[in-house]
**Q** 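One structure coming up, written as structure tokens, with questions to follow.
Counting begins at 1 with the first residue of the sequence. Note that these values count all heavy atoms, side chains included, but never hydrogens, waters or copies made by symmetry.
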Amino acid sequence: QELSNTSGSPSASAIAKALEFSSETGRKNARANIPSVTISSTVKCTEFMAQLMTGGNCASAPTPNNTIVVTQTSVVPMFFAKVLGFPSLTVRTTATAAMKGGAMPPLDIIVVLDTTGSMSGTPLVEAKEGIRTLLSVLWPCAQGIATCGVSDPPIDKVGLMIFPGLASSTDVGREYDCTGSPNPVTVNYNASPIYEIIPMTNDYRTSTVSVINPDSNFVKAVDGRSGCSGAESIGGFGSYFAAPLAYAQSQLVSAGRATIQDVIIFVSDGNANEYTGGPTDPCNQAITAAQAAKAAGTWVYSIGYGVPGSGGCDDDPSPRPTALLTMKKINSDYPNITKKFFNVPSAADLKETFRKIGTDLLATRMLDDSTN
């Protein structure tokens, strides 16, 4: 975990932490019957971790030292072996650990994506590219399986919801149309809108080492290939996102796996407003929906695109939250806003934001000592 810190000297901190928990005299794992322990720790970049974290390699990717190797040595006195001329034995153990970002608990994830007119053009394009970056670090099934099949238990499943909601199932299919000539979709907020475009799936990659799967409907919905319309931005409709946030949580409960960590990743410019016949406090309702998800144990990440420091939420009664405060309160760590809240100043930063979320979702892991 020390290696994943972005301030100070992560390598030195990791080595110091290894020493703190070592078996040297005076350290936390010292044992009286294991004398004269010495410890040696080194940090390095392994290609395995570089590929997993950034899709690059140690030579070209902006990857820090991502692995620590710790060796402890002790000269242990012998008892019965003394009579055979062996008064002592040198015992040496080595362990290799990857930084945070090396593996993950299984996850059920729903991405809730703002496709209103304010996200049209470059912001939506970059948001979809960021989602593809996230897919590249998640695991569809266990490591070592050459091709994930229907009989292989999924590790990470991901679903996609958008707002405004769509009017029909035919419109849903158009969101992942790659025929090159998709028809326009129709949307609404107040007549049983359909928010879910892709139910949670693990077909976004066919194995842990493969690139994303172009035949996956999820991939098509966030694809950048020529001919794929992908999730489209719809102008002329306001941003009401309390309902899709609440629906995302309900789907995690009803369609998710009982013992798996639930995650919502919410992407918007943050300025909720009222639709005809809808609630008069849209920003506060969105905050309430996110807080309910948090209370249920869901990790909620909030990505604001260019949210101003003041203003917004004009349809909420006074005292109304700002759009920025709304986005901050949606993250499940609030009032802490350092890990699960991002206010992205430009569209180009959206991809990096998704990469950071992917790394944050991942946990430390032990590696085989021969890992390169």
Side-chain angles (χ1 to χ4, degrees), residues 1-54 57-59 61 63-107 137-139 141-146 152-156 207-209 257-261 339 359-372:
Q1 287 181 303
E2 295 293 334
L3 285 175
S4 67
N5 289 338
T6 57
S7 61
S9 177
S11 296
S13 297
I15 291 173
K17 187 64 68 175
L19 177 61
E20 178 185 352
F21 283 87
S22 74
S23 297
E24 276 194 353
T25 301
R27 306 300 179 180
K28 290 186 175 180
N29 281 300
R31 299 292 183 268
N33 60 340
I34 309 178
S36 306
V37 176
T38 59
I39 180 174
S40 172
S41 302
T42 58
V43 294
K44 63 180 182 179
C45 179
T46 57
E47 299 290 352
F48 173 82
M49 282 297 299
Q51 176 66 34
L52 183 63
M53 295 170 61
T54 67
N57 56 61
C58 292
T63 305
N65 288 322
N66 54 35
T67 304
I68 183 168
V69 182
V70 180
T71 299
Q72 294 193 96
T73 304
S74 176
V75 179
V76 181
M78 296 289 100
F79 296 95
F80 298 110
K82 286 181 179 179
V83 299
L84 301 176
F86 299 101
S88 64
L89 178 68
T90 299
V91 178
R92 181 176 292 107
T93 62
T94 297
T96 302
M99 67 182 287
K100 182 177 173 66
M104 66 288 290
L107 303 168
V137 301
L138 299 176
W139 285 12
C141 60
Q143 185 183 15
I145 297 176
D152 301 312
I155 302 297
D156 301 318
S207 75
T208 56
V209 297
R257 294 165 289 176
T259 60
I260 303 303
Q261 178 61 53
K339 285 189 175 182
T359 301
D360 186 57
L361 287 170
L362 313 186
T364 58
R365 66 172 289 165
M366 300 301 295
L367 298 179
D368 188 277
D369 293 332
S370 63
T371 301
N372 294 317

**Q** Tell me whether Lys28 is salt-bridged to Glu20, with the criterion being a basic N under 4.0 Å from an acidic carboxylate O.
**A**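 Result for this pair is yes, salt bridge flagged.
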
**Q** Establish, from distance only, whether the side-chain atoms of Thr46 and Asn372 form a donor-acceptor pair under 3.5 Å.
**A**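 The answer is no; no qualifying pair exists.
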
**Q** If you define the side chain from C-beta out and look only at heavy atoms, does anything of Met78 sit under 4.5 Å from Pro87?
**A** no

**Q** Any non-hydrogen side-chain atom of Val75 less than 4.5 Å from a side-chain atom of Ser88?
**A**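 Heavy-atom side-chain distance check passes, below 4.5 Å.
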
**Q** Indicate yes or no: at least one non-hydrogen side-chain atom of Lys17 is less than 4.5 angstrom from one of Ile15.
**A**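 They are not in side-chain contact.
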
**Q** For Thr42, what residues pass the side-chain hydrogen bond (donor to acceptor under 3.5 Å, both in side chains) criterion, not counting sequence neighbours?
**A** none

**Q** Could you check if a side-chain atom of Thr67 sits within less than 4.5 angstrom of a side-chain atom of Met99, using non-hydrogen atoms only?
**A** no

**Q** Judged by modelled atom types alone, do Asp369 and Thr94 share a side-chain donor-acceptor pair under 3.5 Å?
**A** no

**Q** Could you tell me whether the side chain of Leu3 reaches within less than 4.5 Å of the side chain of Ile68, counting heavy atoms only?
**A** yes

**Q** Is the shortest heavy-atom distance from the side chain of Ser22 to the side chain of Gln72 under 4.5 Å?
**A**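 Side chain of Ser22 against side chain of Gln72, heavy atoms only: contact under 4.5 Å found.
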
**Q** For Arg31, enumerate each residue passing the side-chain hydrogen bond (donor to acceptor under 3.5 Å, both in side chains) test, keeping only those at least two apart in sequence or located in another chain.
**A**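 Result, side-chain hydrogen bond (donor to acceptor under 3.5 Å, both in side chains) vs Arg31: none returned.
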
**Q** Kindly write out the residues that satisfy side-chain hydrogen bond (donor to acceptor under 3.5 Å, both in side chains) with Thr93, not counting sequence neighbours, or none if the list is empty.
**A** none

